[in-house]
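Inspection log for the structure reproduced underneath, given as structure tokens.
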Amino acid sequence: MESQDTYKTIAFTSESILFKEKNSKFFGYAFPIQSESEVKLILDSLRKKYPNAVHYCYAYQIGTETLIYRVNDDGEPSNSAGMPIYGQIQSFGLTNVLIVVIRIFGGIKLGIGGLISAYKTSAQLTLESCEIIEKSIDIHYLVSFDYKNINKVMRVIKEKNLEIVKQDLEMSCVIEIVTRKKNAKTIFYIFSSMFEIEIIPTFL
């Protein structure tokens, strides 16, 4: 069975989606993200935008081969907010996405069941408002060689329609190339079997 070389994510940051339940307001947002370091910046900006909110609950998932995920109830009862939000990320089959649901308390307690339902619905409505796209899983390689071998290398890059990310063409040359995961083994084999040419994967 061929391993999958695409994943689904959202194209853009969503508009705010408002869901109301017993006077409480739930504002849902979805963000495309590439790393965990982006999460804090996004949360900080939302706290400034909604200074009178009580809870800023969220869930995210990052990665394609190895998945990293995190859920946060931000003061709501355990597993009543973050997990229902994360459940929607899983339900839509997405990765590289952060969903934040901001609650402004309306004076009436919802109970655990009510909270789970409200956070789940807010996350679902938020994702339904997003444009969901499919992206290819790409593998990056560094190809190293002496300048005298540049024609051999460039011929393969052209024939295999490889994208050059960056290049340093001095006496000793280094080119970073990118290819879809399904073609990666073939590309690696072609370059590694060429005389005086080295290829190594680069981890972003």
Identify the two heavy atoms, one from [X] and one from [Y], that lie closest to each other, and give their separation to 0.1 Å.
{"X": "Val101", "Y": "Ser122", "answer": "CG1-CB, 3.8 Å"}
{"X": "Ala53", "Y": "Ile102", "answer": "CB-CG2, 3.3 Å"}
{"X": "Gln34", "Y": "Glu38", "answer": "N-OE2, 2.7 Å"}
{"X": "Ser14", "Y": "Ser129", "answer": "CB-OG, 4.1 Å"}
{"X": "Ser35", "Y": "Ile62", "answer": "C-CD1, 3.5 Å"}
{"X": "Ala59", "Y": "Val71", "answer": "CB-CG1, 3.9 Å"}

- Task: For the pair Tyr86 and Lys120, evaluate side-chain hydrogen bond (donor to acceptor under 3.5 Å, both in side chains) and give the outcome as yes or no after the intermediate values.
- Result: CA-CA 8 Å; Tyr86 181 58; Lys120 176 189 169 185; over 6 Å; no
For the atom pair [atom1] ([X]) and [atom2] ([Y]), what is the distance rounded to the nearest 0.5 Å?
{"X": "Ile187", "Y": "Ile177", "atom1": "CD1", "atom2": "CD1", "result": "6.5 Å"}
{"X": "Ser172", "Y": "Tyr147", "atom1": "OG", "atom2": "OH", "result": "12.5 Å"}
{"X": "Ser80", "Y": "Asp73", "atom1": "OG", "atom2": "CG", "result": "5.0 Å"}
{"X": "Phe27", "Y": "Arg103", "atom1": "CZ", "atom2": "CZ", "result": "13.0 Å"}
{"X": "Ile10", "Y": "Phe31", "atom1": "CD1", "atom2": "CZ", "result": "8.5 Å"}
{"X": "Met194", "Y": "Arg155", "atom1": "CE", "atom2": "CZ", "result": "7.0 Å"}

- Task: Verify side chain to side chain contact (heavy atoms under 4.5 Å, CB included) between Ile164 and Leu162, making sure each step is shown before the conclusion.
- Result: CA-CA 6 Å; Ile164 295 175; Leu162 301 174; over 6 Å; no
Is there a donor-acceptor contact under 3.5 Å from the side chain of [X] to the main chain of [Y]?
{"X": "Gln61", "Y": "Leu94", "answer": "yes"}
{"X": "Gln88", "Y": "Pro84", "answer": "no"}
{"X": "Ser193", "Y": "Ile190", "answer": "yes"}
{"X": "Thr121", "Y": "Ala118", "answer": "no"}
{"X": "Asn72", "Y": "Asp74", "answer": "yes"}
{"X": "Ser117", "Y": "Gly113", "answer": "no"}

In the single-linkage hydrophobic clustering (I, L, V, M, F, W, Y; side-chain heavy atoms under 4.5 Å), do [X] and [Y] co-cluster?
{"X": "Ile17", "Y": "Leu127", "answer": "yes"}
{"X": "Val178", "Y": "Tyr141", "answer": "no"}
{"X": "Leu46", "Y": "Phe19", "answer": "no"}
{"X": "Leu142", "Y": "Leu169", "answer": "no"}
{"X": "Val97", "Y": "Val39", "answer": "no"}

- Does Glu128 CD have over 12 foreign heavy atoms under 6.0 Å away? yes
- Give a yes or no on whether Phe105 atom CZ has more than 12 heavy-atom contacts from other residues, nucleotides or ligands under 6.0 Å away.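 It does: Phe105 CZ has more than 12 such atoms within range.
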Are the side chains of [X] and [Y] in touch, meaning some heavy atoms are under 4.5 Å apart?
{"X": "Ile137", "Y": "Tyr7", "value": "yes"}
{"X": "Met154", "Y": "Val156", "value": "no"}
{"X": "Leu115", "Y": "Pro77", "value": "yes"}
{"X": "Ile104", "Y": "Asn52", "value": "yes"}
{"X": "Ile132", "Y": "Thr9", "value": "no"}
{"X": "Arg47", "Y": "Tyr56", "value": "yes"}
{"X": "Ile89", "Y": "Ile99", "value": "yes"}
{"X": "Tyr50", "Y": "Ser16", "value": "yes"}

- Task: Please step through side-chain hydrogen bond (donor to acceptor under 3.5 Å, both in side chains) for the pair Glu36 and Tyr60, ending with a clear verdict.
- Result: CA-CA 9 Å; Glu36 293 183 277; Tyr60 63 79; 2.6 Å; yes
- Pair Glu176-Thr202, side chain to side chain contact (heavy atoms under 4.5 Å, CB included): steps then yes or no: CA-CA 8 Å; Glu176 183 180 345; Thr202 171; 4.0 Å; yes
- Task: Identify which one of Asp138, Thr6, Asp5 satisfies the side chain to side chain donor-acceptor pair (under 3.5 Å) criterion when paired with Arg180.
- Result: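 Between Arg180 and the candidates, side chain to side chain donor-acceptor pair (under 3.5 Å) is satisfied uniquely by Asp5.
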- Message: If you apply the rule side chain to side chain contact (heavy atoms under 4.5 Å, CB included), what do you find for Ile157 with Ile175, and how did you get there?
- Response: CA-CA 10 Å; Ile157 288 172; Ile175 295 181; 4.2 Å; yes
- Would Lys48 and Asp44 satisfy salt bridge (charged side-chain N to carboxylate O under 4.0 Å, His left out), going step by step from the backbone distance to the final call? CA-CA 6 Å; Lys48 286 178 186 151; Asp44 286 347; over 6 Å; no
- Task: Before giving the answer on side chain to side chain contact (heavy atoms under 4.5 Å, CB included), spell out for Tyr58 and Leu43 the whole-Å C-alpha distance, their side-chain angles and the decisive distance to 0.1 Å.
- Result: CA-CA 9 Å; Tyr58 65 87; Leu43 288 169; 3.4 Å; yes
- Report the C-alpha distance between Tyr119 and Glu76 in whole Å, list the side-chain angles of each, state the deciding distance to 0.1 Å, and finish with yes or no for side-chain hydrogen bond (donor to acceptor under 3.5 Å, both in side chains). CA-CA 11 Å; Tyr119 281 105; Glu76 293 283 32; 2.7 Å; yes
- Restricting to pairs with a member in residues 13-28, which pass salt bridge (charged side-chain N to carboxylate O under 4.0 Å, His left out), not counting sequence neighbours?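 Non-adjacent pairs meeting salt bridge (charged side-chain N to carboxylate O under 4.0 Å, His left out): zero.
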